[in-house]
There are 2 protein chains.
Amino acid sequence: LGINWLLFLTFLAGCAGVAWTGAAFKPGEWYKSLAKPLWTPGNWVFPVVWFVLYILMSYAAMRVAQLPESGQALALFTVQTAFAALWTPMFFGKRRLFGGLIVVVILWLAVAATTLEFMRLDQTAGLLMVPYVIWATLAALLNLQVWLMNMTGPRGEK
Amino acid sequence: LGINWLLFLTFLAGCAGVAWTGAAFKPGEWYKSLAKPLWTPGNWVFPVVWFVLYILMSYAAMRVAQLPESGQALALFTVQTAFAALWTPMFFGKRRLFGGLIVVVILWLAVAATTLEFMRLDQTAGLLMVPYVIWATLAALLNLQVWLMNMTGPRGEK
């Protein structure tokens with residue numbers, strides 16, 4: 001499977017839309033004031049990791065999109081795109097710790113299902129999605145723990 | 001092309017992620033206070049129209065996803081998903097009238113390109129996207145006019 005630049009850049013354009021939510025809704029004083037687990041990554045880690053993941057997932061989707069029978073795999077890729085775009089406004093915009101948790105759990109399911117479908121069609125594409133599965137797992141665990149640690153606080157949600 | 005329920009419901013799940021941004025970022029007092037053109041639809045129109053569009057676009061994508069060579073069309077569908085999810089948080093969340101305009105112009109381009117690709121692969125799918133093109137055009141014009149009418153106001157952006 002060769003490089004199809006038009007496909008790659010189209011998927012990357014979709015990722016740019018998702019990235020834009022991250023640029024618009026940044027962690028600020030509110031996030032700083034939340035209780036967080038010790039293993040919470042520094043703020044700078046998030047855009048760096050996402051940048052790498054956008055490249056990997058766009059390349060993986062580019063490969064899959066060149067294969068026959070890839071409709072279901074790309075439909076799942078659309079679902080993870082929508083929920084990845086939703087998480088940041090929900091968490092940093094609306095400051096809903098539990099709402100963010102629901103979204104990131106759905107995101108995790110969508111990423112896992114996309115990865116399995118990619119793997120079935122093209123092993124390389126599937127493997128390129130594995131870092132995203134790991135990151136989505138960490139993000140879900142972090143959101144869960146932040147929700148639990150701030151449930152009773154003055155800024156937390158009940 | 002028959003109905004493939006799994007494909008249809010997967011695309012609809014992506015739309016649900018987009019719809020969630022609309023549910024989370026509602027027009028409130030701020031939007032009410034903006035100067036708006038006379039032809040601005042009532043608030044109730046937006047969720048009704050979007051609901052219909054989600055059904056139509058999911059059905060169209062379901063048809064296209066069953067065809068060979070549909071990779072580029074579905075990649076474009078991913079782009080419109082991302083920018084549709086971005087618009088509401090940008091406009092109603094960040095209250096950026098000009099930022100929203102940029103997003104809705106990119107959204108319009110993505111919807112138009114998706115429709116052309118769908119049309120090329122399956123005329124029915126293309127026609128099912130036409131209401132979305134019309135709606136995106138209206139949304140872009142409304143955002144443009146709201147931006148122009150509120151540039152110099154106390155709550156407007158320069």
Side-chain angles (χ1 to χ4, degrees), chain A residues 4 6-26 57-58 61-94 96 99-100 102-103 106-107 109-110 113-114 117, chain B residues 4 6-26 57-58 61-94 96 99-100 102-103 106-107 109-110 113-114 117:
Chain A
N4 180 322
L6 183 59
L7 269 177
F8 176 68
L9 293 174
T10 306
F11 282 115
L12 208 59
C15 290
V18 177
W20 202 330
T21 63
F25 295 90
K26 287 206 182 71
M57 74 178 81
S58 296
M62 175 209 76
R63 286 181 65 95
V64 166
Q66 296 179 66
L67 297 168
E69 312 286 328
S70 60
Q72 184 62 42
L74 296 178
L76 288 166
F77 192 85
T78 301
V79 181
Q80 73 78 16
T81 298
F83 283 87
L86 175 59
W87 186 83
T88 321
M90 184 63 73
F91 192 90
F92 292 115
K94 302 301 289 188
R96 290 187 191 155
I102 303 286
V103 171
I106 299 173
L107 175 62
L109 291 169
T114 306
E117 274 291 292
Chain B
N4 180 322
L6 182 60
L7 269 177
F8 176 68
L9 293 175
T10 306
F11 282 115
L12 208 58
C15 289
V18 177
W20 203 329
T21 63
F25 295 90
K26 288 207 180 72
M57 73 179 82
S58 296
M62 175 209 78
R63 286 181 65 94
V64 166
Q66 296 179 67
L67 296 168
E69 313 285 328
S70 61
Q72 183 61 41
L74 297 178
L76 288 167
F77 192 85
T78 301
V79 180
Q80 73 78 14
T81 299
F83 282 87
L86 175 60
W87 186 83
T88 320
M90 184 65 71
F91 192 91
F92 291 115
K94 302 302 288 187
R96 290 187 192 155
I102 304 285
V103 172
I106 299 173
L107 175 62
L109 290 170
T114 306
E117 275 291 291

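Since this is a predicted model, take the numbers as computed values, not measurements.
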At their closest point, which heavy atom of B:V103 faces which heavy atom of B:F83, and how far apart are they?
CG1-O, 3.6 Å
Roughly how far apart are B:M90 CE and B:I102 CD1, rounded to 0.5 Å?
9.5 Å
Interface check, chain A: of B:G93, B:A85, B:A24, most non-hydrogen pairs under 4.5 Å belong to B:A24
What part of A:S70 gets closer than 4.5 Å to chain B, counting heavy atoms only: side chain, backbone, both or neither?
neither
Measuring heavy-atom distances to chain B, does A:I106 have an atom under 4.5 Å in its side chain, in its backbone, in both, or in neither?
side chain
When heavy-atom pairs shorter than 4.5 Å are enumerated against chain B, which of A:V79, A:V64, A:L12 gives the highest number?
A:V79
Using a 4.5 Å cut-off on heavy atoms from C-beta on, say whether the side chain of A:T10 contacts that of A:L6.
yes
As an exercise: rank B:L67, B:L7, B:N4, B:T21 by heavy-atom pairs under 4.5 Å with chain A and give me the winner.
B:L7
For A:A13, is it the side chain, the backbone, both or neither that has a heavy atom under 4.5 Å from a heavy atom of chain B?
both
Best-contacting candidate, B:A110, B:A75, B:A84, B:A16, against chain A by heavy atom pairs under 4.5 angstrom
B:A75
Give a yes/no verdict on a cation-pi contact between A:K94 and B:F25, requiring under 6.0 Å between NZ or CZ and the six-membered ring centre and an angle within 45° of the axis.
yes
Chi angles and distances behind the side chain to side chain contact (heavy atoms under 4.5 Å, CB included) call for B:T81, B:V18:
CA-CA 7 Å; B:T81 299; B:V18 177; 3.9 Å; yes
Using non-hydrogen atoms and a 4.5 Å limit, figure out which bit of A:Q66 sits close to chain B: side chain, backbone, both or neither.
neither
Go through the atoms of A:P68 and report whether side chain, backbone, both or neither lie under 4.5 Å from a heavy atom of chain B.
neither
